[in-house]
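Presented below is the structure to which this report refers.
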Amino acid sequence: MFKSEAKSVVEDALKELNYSKVDFNLSEPPEEHGDLAANVAFTLAKNLRSQPLKIAEDIVGSIHLSRGSLIESLTADPPGYINFRVNYSTLAERLLPNIQSVEQVKPIDIGGGVKVTVEHTSVNPNKALHIGHLRNLAIGDAIYRMLKHSNYNVKVLNYIDDSGAQVADILLGFLHLNFPIEAPEGVKFDHYCGDVVYVKVNEMYEQNPNLVEKRRQILKELEDPSSKVSDFAKKITSRILREQLQTCWRFGARYDCLNFESQIVHSSLWDTLFKELRGRGVIKFAEEGRLKGCWIVEVEGEEEGEEKVLVRADGTATYVAKDIPYAAWKIGLVEDPFNYIEYVKQPDGTTLWATDLTKGSKKTDFYGAEKTIVVIDVRQSRLQRIIKEVLSQLSEGVEDRYVHLAYAVVSLSPQTAKEMGFSEEERLLHLSGRKGIYLNADDMLDALKKKALEETVKRNPNESVEWCEEVSESIAVAALKFDLLKQDLDKIVVFDLNRSLKLEGDTGPYILYSYVRACRILEKASEEGVDASTKNLHITQLSEKRLLKELSKFDLVVEEATRSLSPKTLARYAIQLSTAFNNFYESSPVLGCSDSDVRATRLMLVKGFRSVLNKTMELLGLPIVERM
RNA sequence: GGGCCCGUGGCCUAGCAUGGAUCAAGGCGUCGGCCUUCGGAGCCGGAGAACAGGGGUUCAAAUCCCCUCGGGCCCA
């Protein structure tokens with residue numbers, strides 16, 4: 001609100017001075033210059049051929065502040081900025097009473113209720129989640145939460161590739177290589193399938209090339225829904241899927257609908273779309289050459305002669321060919337062939353639905369969104385672009401409606417790669433489920449939890465083991481999740497065990513700790529019956545001003561983070577806000593303050609902080625604890 | 001061979017979209033302070049002289065453009 005007021009007074013002054021309307025920025029200057037700076041004079045200087053400072057002075061001269069303005073004062077400073085200083089008492093009066101509880105921290109309306117689907121996680125149901133999958137899940141879940149807060153009608157989809165090569169690998173292990181169908185005592189089935197069956201089968205391919213042919217047969221049989229193999233596959237994959245979901249929930253995610261690839265393949269989607277694409281000449285049958293007998297798609301922007309095969313000469317569909325109908329379904333370019341069944345109740349109380357071809361009911365919640373966002377790592381960029389290109393030829397506006405949110409992969413640091421016995425080289429090691437190079441998500445969380453538990457027990461000797469375990473679990477999730485969210489999507493996350501086990505600094509636990517400190521103050525205040533509200537708000541100290549200013553930025557930060565689909569922006573804010581609070585905590589005692597108005601103002605600041613941080617953590621999907 | 005991404009103090013990162021202020025901001029590590037005071041998973045201070053390199057545009061470039069070099073990914 002301070003920003004919009006500053007903007008409007010400058011615009012009024014421009015009008016008064018008969019300057020042309022220009023776009024300008026308001027940014028946060030170094031603290032000694034003020035609270036907000038406008039660069040409008042620089043922009044104008046170009047056209048007016050005049051000194052920026054002179055222009056800035058003219059503008060400042062014709063600005064008239066109204067009574068009760070949030071702007072305390074403004075000056076023109078070299079080399080030509082207009083610096084605004086906020087009236088902190090007025091800001092406090094307008095802001096603090098409206099953020100005394102988390103319920104008061106209201107959603108903002110960016111989306112206008114538009115229907116959006118977010119697809120994330122989408123792990124092949126042949127193994128347990130590893131640390132790389134968690135980055136996907138953390139990003140997707142945060143995007144969902146931010147969009148929802150911004151008044152989009154958001155549904156979360158999870159695509160289950162239950163008929164691909166990776167599933168065929170473990171089926172091969174069970175059907176032809178005598179791997180027991182039960183995991184050893186005490187081992188989760190998804191871990192067993194990923195750690196043992198999947199890895200070993202892949203090793204065997206090298207020794208025994210016949211196995212590759214066997215896998216091809218399995219894949220072929222999977223295309224027939226009534227085959228024995230299909231039946232067996234369904235048993236195995238759904239068992240793995242249910243265990244994977246446990247991990248996802250543990251990590252704070254939730255979904256609205258599961259989309260099974262096998263059903264997409266068996267549905268009418270592909271046939272309908274295939275005809276349509278053929279009719280429009282988007283896909284062609286190769287009569288000769290290297291790809292003779294294949295159906296291929298030619299995509300603009302690709303190198304000359306570079307095509308993508310959709311249907312192989314043997315009649316099997318490729319990966320892209322399965323993705324295109326799904327993408328088309330998402331944005332409603334084809335009719336919805338699915339019914340929906342209630343798959344499972346989730347820990348947050350909501351129902352997770354699943355597509356079904358034979359039973360269930362019709363629904364319109366998941367299909368045909370105005371916009372769809374798919375969270376997949378950057379290695380899939382080319383495929384995603386091809387899908388988008390193909391859909392663009394069927395409908396206008398696909399460019400904006402189908403969004404691939406790409407992120408870089410998670411790698412292991414050289415130290416961790418060595419410790420785990422994966423590599424001896426001094427360079428990053430990329431994860432590979434197939435080669436057995438990964439850290440299981442559950443194992444990682446358990447390690448973090450163990451570390452947090454030591455600390456928690458030490459600090460809370462009187463608490464029960466159960467309580468300490470529960471809190472440590474939250475700390476572990478917060479630590480790992482924050483680590484995966486805080487940096488740019490384009491940058492590789494270098495995972496280092498020892499570094500991740502740190503609970504200090506720019507971390508999830510730091511944020512949790514700040515929150516807990518605020519809770520303690522409020523708890524004591526309530527026990528002591530201290531009055532926690534006043535009409536005479538007194539903002540006196542620098543640390544109070546800084547905290548207040550951070551609190552006032554919340555809506556702007558959420559808007560920016562949502563607009564650019566950037567959880568990192570919000571994660572950074574959580575740290576900044578916590579730092580401002582910890583600063584305040586050290587320098588402005590609340591309960592020990594003798595002046596009752598100052599004390600009440602500080603309590604309102606603490607409450608405001610707790611509300612805003614609570615909402616910020618909720619949007620990031622970080623667990624919240626009141627004590628730790 | 002083609003395309004995409006990354007390169008910021010010893011290490012990890014923010015800032016880059018919309019170029020601007022004699023200190024380019026955090027964290028880790030390091031050195032030194034702060035517990036009779038709302039929880040030290042915290043706070044304060046110091047050292048560390050870095051925007052990969054080179055050109056260009058501009059009054060002004062970490063930010064925009066071009067080239068080169070390193071690293072990664074996708075495709076051929």
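By convention in this document, chain letters (A, B, ...) are assigned in the order of the sequence lines, proteins followed by strands, and residues within each chain are numbered from 1. No hydrogens, no waters, no symmetry mates; every other heavy atom, side chains included, goes into these values.
Taking the six-membered ring where the residue is Trp, the centroids of Phe609(A) and Tyr515(A) are separated by 6.0 Å or more.
Taking the charged nitrogens against the carboxylate oxygens, Arg517(A) and Glu586(A) do have a contact shorter than 4.0 Å, which makes a salt bridge.
Its glycosidic angle being within 90° of 0, rC35(B) falls on the syn side.
With both ends at atom C1', the span from rC6(B) to rU63(B) equals 16 Å, rounded to whole Å. Look at the P atom in both rG29(B) and rC44(B): the space between them is 16 Å, to the nearest Å. Nucleotides rA14(B) and rC74(B) are separated by 22 Å at their P atoms, to the nearest Å. Rounded to the nearest Å, the gap between the P atom of rG72(B) and that of rC66(B) is 24 Å. Comparing rG46(B) with rC65(B), their C1' atoms are spaced 41 Å from each other, to the whole Å. rC12(B) and rG71(B) are spaced 16 Å apart, taking the P atom of each and rounding to whole Å. Comparing rG3(B) with rG45(B), their P atoms are spaced 49 Å from each other, to the whole Å. If you take atom C1' in rG20(B) and the same atom in rU57(B), they sit 16 Å apart, rounded to whole Å.
Minimum interatomic distance between Leu603(A) and Ala525(A) (heavy atoms only, all atoms of both residues): CD2-CB, 3.7 Å. Of all heavy-atom pairs spanning Ala417(A) and Leu429(A), the tightest one is CB-CD2, 3.8 Å.
Looking at Lys553(A), Lys549(A), Arg546(A) one by one, the single match for salt bridge (charged side-chain N to carboxylate O under 4.0 Å, His left out) with Asp35(A) turns out to be Lys549(A).
Asp496(A) places its CG atom 15 Å from the C1' atom of rU13(B), with the value rounded to the nearest Å. Spacing between atom CZ of Phe42(A) and atom C1' of rU58(B) amounts to 14 Å, rounded to whole angstrom units.
Residue Ile475(A) is in base contact, counting any heavy-atom pair closer than 4.0 Å across all strands shown. Residue Asp488(A) is classed as a sugar-phosphate contact, given heavy-atom separations below 4.0 Å to backbone atoms only. Among the heavy atoms of the strands lying under 4.0 Å from Ser588(A) is at least one base atom, whether or not backbone atoms are also near. Residue-level contact check: Asp490(A) touches the backbone only, with heavy atoms under 4.0 Å from sugar-phosphate atoms and none from bases. At a threshold of 4.0 angstrom between heavy atoms, the contacts of Phe24(A) with the nucleic acid are absent. Using a 4.0 Å heavy-atom distance criterion, Val378(A) is classed as making no nucleic acid contact. Residue contacts shown for Ala37(A) include a base, since a base heavy atom lies under 4.0 Å away. Base contact: Val516(A) has a heavy atom under 4.0 Å from a base atom. As judged by a 4.0 angstrom heavy-atom cut-off over every strand, Tyr510(A) is placed among residues touching the sugar-phosphate backbone only. Across all strands, Pro52(A) comes closer than 4.0 Å to no nucleic acid atom at all (heavy-atom distances).
The aromatic rings of His130(A) and Tyr438(A) lie parallel to each other, their planes meeting at an angle below 30°, with 60° marking the opposite boundary.
Taking only side-chain atoms of Val590(A), from C-beta outward, the nucleotide of rC38(B), rA14(B), rC28(B) with the closest atom is rC38(B). Looking at the side chain of Lys491(A), the nearest of the listed nucleotides rU8(B), rG39(B), rC38(B) is rU8(B). Side-chain proximity of Leu591(A) to the nucleotides rC38(B), rG29(B), rC43(B) is greatest for rC38(B). Set against rA21(B), rC43(B), rC74(B), the side chain of Arg379(A) has rC74(B) as its closest nucleotide. Comparing rG27(B), rA21(B), rC38(B) by their closest approach to the side chain of Asp506(A) singles out rG27(B). Of the listed nucleotides (rA21(B), rA17(B), rC38(B)), rA21(B) has the atom at the smallest distance from the side chain of Tyr81(A).
With hydrogens and angles left out, the side chain of Glu32(A) and the base of rC23(B) share a donor-acceptor pair within 3.5 Å.
A cation-pi arrangement is present between Lys7(A) and Phe24(A) under the rule of less than 6.0 angstrom and at most 45 degrees off the ring axis.
Residue Tyr515(A) places no side-chain N or O under 4.0 Å from the OP1 or OP2 atom of rG39(B). When the side-chain nitrogen and oxygen atoms of Asn83(A) are compared with OP1 and OP2 of rA21(B), none of them lie within a distance under 4.0 Å. Between Lys524(A) and rG39(B) there is a side-chain N or O to OP1 or OP2 distance below 4.0 Å. Within the structure, every side-chain polar atom (N or O) of Tyr407(A) is placed at least 4.0 Å from both OP1 and OP2 of rC5(B). Look at Arg563(A) and you won't find any side-chain N or O under 4.0 angstrom from OP1 or OP2 of rA17(B). One finds no side-chain N or O of His430(A) lying less than 4.0 angstrom from the OP1 or OP2 phosphate oxygen of rG72(B). Regarding contacts with the backbone of rG26(B), every side-chain N or O of Lys486(A) stays at 4.0 angstrom or more from both OP1 and OP2. The shortest distance between the side-chain N/O atoms of Arg517(A) and the OP1/OP2 oxygens of rG40(B) is below 4.0 Å.
No side-chain donor from either of Ser543(A) and Tyr585(A) sits under 3.5 Å from a side-chain acceptor of the other. A donor and an acceptor atom, one from each side chain of Ser588(A) and Glu544(A), are nowhere located under 3.5 Å apart. Judged purely by distance below 3.5 Å, without hydrogens or angles, the side chains of Tyr573(A) and Glu550(A) never pair a donor atom with an acceptor atom. Side-chain contact check for Thr534(A) and Arg599(A): no donor-acceptor pair (N or O, by modelled atom type) lies under 3.5 Å.
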Where each pair must be Watson-Crick or G-U wobble with both distances under 3.5 Å, what dot-bracket representation of RNA chain B is obtained, with crossing pairs in [ ] and other-strand partners as |? (((((((..((((......[....)))).(((((.......))))).....(((((..]....)))))))))))).
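Enclosure of atom NZ in Lys371(A) is not indicated, since only 12 or fewer non-hydrogen atoms of other residues, nucleotides or ligands lie within 6.0 angstrom. The 12-atom threshold is not exceeded at CD of Glu470(A), counting heavy atoms of other residues, nucleotides or ligands nearer than 6.0 Å.
Looking at residues 567-574 of chain A, you'll see Lys568(A), Arg572(A) sit with a heavy atom under 4.0 Å from some atom of RNA chain B.
With centroids closer than 5.5 Å and planes inclined by less than 30 degrees as the test, Tyr513(A) and the base of rG42(B) fail to qualify as a stacked pair.
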